[in-house]
Amino acid sequence: MISPSLAIPLSLALPLIGVVLIWLFGRWPNLREAVTLVTGGLLLVLTITVFASVGEGERPDYILFEVIDGLPLAFQAEPLGAMFALLASALWLVNSLYSIGYMRSGNEKNQTRFYMSFAVAIASAMGVAYAGNLFTLFIFYEILTLSTFPLVTHKGDAKARRGGRIYLGVLMGASIGLLLPAIVWTYALTGTVDFTLGGILSGHVDAAGPLVPVLLGLYVFGIAKAALIPVHSWLPNAMVAPTPVSAFLHAVAVVKAGVFAVLKVSIYIFGADFLHQSGASTPFMWIAGGSILLASAIAMHKDNLKARLAYSTVSQLSYVTLGAMLATSMGVMGGAMQIAMHAFGKMTLFMCAGAIYVATKKINISEMRGLGRVMPITFGAFFIGAMSIVGLPPMGGSWPKFLLMWGAADADQLGMIAVLMISSILNVVYLLSIPVMAFYMAPTPEAGKPQGVHEANGGGALIQWGNLKEAPLWCVLPPVITATGAFVLFFFAGALYDYLLPLTGGG
Amino acid sequence: MSGLISQLPVLPVITPLIAAPLTLLLPKGRVPWAWATIVSWLTFAASAALLHNVATNGVVSYHLGDWAPPLGIEYRIDLANALVLFLVSGIAAIVFPFAYESVRSETDNRQSSLFYGAMQICLAGMLGVTITGDAFNVFVFLEISSLSTYALVAMGARRDRRALTAAFNYLVMGTIGATFFVIGIGLLYQATGTLNMADLHLRLAGQDNRVIEAGFAFIVVGIGLKAAMFPMHLWLPNAYTYAPSVVTAFIAATATKVAVYVLVRFFYSIFSPDFAFMQATFAYVLLPLGVIGMFVASLVAVFQADVKRMLAYSSVAQIGYMLLGVSLGTKAGLAAALVHVFNHALIKGALFMSVACVVLRLGSHANEAFQGLGRRMPVTTGAFILSGLSLVGAPATVGFISKWYLLKATFEVGHWGVSFLIVASSLISLIYIGRIIEMMVLREPPESGPLSAPIKEAPMSMLIPMWVLVAANVYFGLQTDLTGGIASAAADALMTVGGAR
């Protein structure tokens, strides 16, 4: 068995070795995809190793080298990061299966570049997850932005160019314009940017002074990957990317790296107690609450399925920010669990959207009436994923909502409980209505004869059996796996809760 | 051999200075280039040895012709100028081998020995400015390098006649600058009776009168012109745009940096921050001009239709960052300025070299030439993207290190408003660099016209040196012992000398 301290740098190096191999084998697609899958499998083993050792109370660390005096590229695994790394690597594996099905069915161009960028992105997600200080986190955060840019602009047409411009402009604009000064400021104030439980600002900054909310604002908006309104606009625009990118990067790796960073900063840089005591986070809690409701409201107006899911993501990400800004133990726990639970649910939904597109070329919800009878597996998985996002038992997604309400009650923020309740109702309306429409409503004329719409081509034929017409196996199986995950996690929430408990300083 | 070692401080200047006239005796063609390349490598080796020597043994003082200062000329090398020497000769050692194909296609071949001779003189001049400890000697070497630069810029006339007006403009402005500078030196000489820097420093102590102030003002304006300090930058965009690509890559990476170094040297080793007028200069001249330059030049860069001209304006903006660092008047600020002098040379050198590759193949540096370049010249495109990201300040590149030092310095003195101005202006650079990158990667090549002809990637003789510089951008972005470490120590030493009178 590899020692956990070694597993950390290896989990960064492994995908990068994968990048080289993918490039070398670019001409043999089967070999190339095998590299992705083997890399994914090995990476999963590594992240499990780290996850297990953190569970035993260890904090494995690794220092690469010092970049600037006193600022090393350093890694240290703690519960939140270990969970994020495990989540990302497990879902990367599932998503790679899905990518193969999707990209081959669509005969997409530049697939080698696609898989290479994906592997760089996962390596930088690992770097974000295990970062031992803000400096390291920032470096990998930026590499994550840059490596996903070719994925967003994959199609290369005018729309993709525009989307890519907004993607890069908002993400880099916020991170260079707000986050970088915030980090340097923190460093200038405290002389360190190491992640320390309980925070590093206390004692260096007057808790009641105006500096705390200013700094917090720089962090919360500077980490634009957390997609708090108004720095969310990159996310809907990133939907021009092929669906596997939306499914993995814009439901898991990239956006979760954002909310993960927000949580990390509030727990390990400010410290939940310090935040609570200063009261600086209250305005941002309201902004997060507003973001939740506003994004849901926009989502209801979107007929394009991926656009609706994107706004739903904006809304759900703000749950994590809200948890961090509540600055109570339960709020932090709720936010942390939301990272995992939402990942499973939202990824299922995106992969279903992609499967529908592959099988029928439909992208608008209004055209999906009656489609459930033709694609029962896909819409079944969609239903489970939607239930989890709404927060209905017995799905994993119900726990974070519960904990967040508890946290809001602890913090005496009854308004936030109302926000959470309204948001769940809105979720029911705009997410659950989709499978209901697909299963119960009569098909529109085109949907009645879907067989004429799509010619199966390239890799993987459509699954046809009687009246059924599902997407190819590798497009259908992955959402079923993640939907199962969303269900199973309901029963393992207690274990996850115990695992994350050290975050509150009480473990 | 030990005799040679004891003469080490003079070698970086004397080697290219003697080699340059000899170049004229060589036959045309490849030989002058090979000769210049070898000379640049020898010079670099001498500079590296000197840097090593200074870093281990401390300040080196060399008396030219064994005439003791203050009457004789002294070469005085501390960490600050050892670093700049290392940088300038290092850039030369990369640009000279790169030059052959590009120069052959852009200049008149009958002039090849003249061209490489002028390049070596230019190198010798800049190294002389950097190494000397004598104020008047600075002027002499400054003119040696400037005069050869005027000629080099004018050699771009074979491709574009506008190089002649650009060179003439540069000549006029540069000469005005040099005149101001020498008047300033004259006033200081009038007041103190010496030209040796260390001696000047001692004799200026406690003097604060009109003559000194006027001398200081003349020197700042004169060097400011050479450094293209906003708003005295007007000669720069045309000179950079119409000069042969190799010349642009070389002088963009070195000439203005040397001028900034001279400013720092005069501020701290001749004058000292405790002169009241120095503080005023920092607060009311350098800081505002630096910030305004950062914004105005960056904004102008966004609207350029020519990549070379865009990068030229970007250089003006980057000079603003360096002046800003100096103007903070703190050790951290000075270190940030020195770090950025070094890092920006790596960035701009690499960017202009990739432009040179494009010009070689397509004969144009207009924006359209870069359309769809990702497919046509992938290796060059990769170099441009990496060094462009470095310019914007993406992590793991030198641009990020510069920004970090600068931000830290501004936050430490509490100028947090300035910190946000720094990041805001670097976002403008994201716009103009991002625009070109988008053109290269996401657009199709032009379908008709002269730019649509099928082209090959640039030759290896250009790609290898270019990528050495790009690799340096990443290496020094992750490993800052040399840049940050030496710059901080150098800043420390400069400030200590300044304060310890």
Kindly give the heavy-atom pair with the smallest separation between [X] and [Y], and that separation in Å.
X	Y	result
N110(A)	R375(B)	ND2-NH2, 4.0 Å
R165(A)	R443(B)	NH2-NH2, 4.3 Å
L146(A)	A394(B)	CD1-CB, 4.2 Å
G177(A)	L427(B)	CA-CD1, 4.1 Å

Chain A contact via L389(B) - side chain, backbone, both or neither, heavy atoms under 4.5 Å = side chain
Can you tell which part of L430(B) gets under 4.5 Å to a heavy atom of chain A, answering side chain, backbone, both or neither?
-> side chain
Working to the nearest 0.5 Å, report the span between CG of L442(B) and CZ of F149(A).
-> 5.0 Å
Give the intermediate values and the outcome of side chain to side chain contact (heavy atoms under 4.5 Å, CB included) for residues F400(B) and F138(A).
-> CA-CA 11 Å; F400(B) 176 67; F138(A) 182 76; 3.4 Å; yes
Contact leader toward chain B among I68(A), L71(A), L168(A), where contacts are heavy-atom pairs under 4.5 Å | I68(A)
Mind checking whether W185(A) and F411(B) have parallel, tilted or perpendicular rings, split at 30° and 60°?
-> parallel
Quick one: do T410(B) and V184(A) satisfy side chain to side chain contact (heavy atoms under 4.5 Å, CB included)? Show the steps, please.
-> CA-CA 10 Å; T410(B) 52; V184(A) 183; over 6 Å; no
Evaluate the criterion side chain to side chain contact (heavy atoms under 4.5 Å, CB included) for residue pair W404(B) and I183(A); output intermediate values, then yes/no.
-> CA-CA 10 Å; W404(B) 181 279; I183(A) 295 175; 3.8 Å; yes
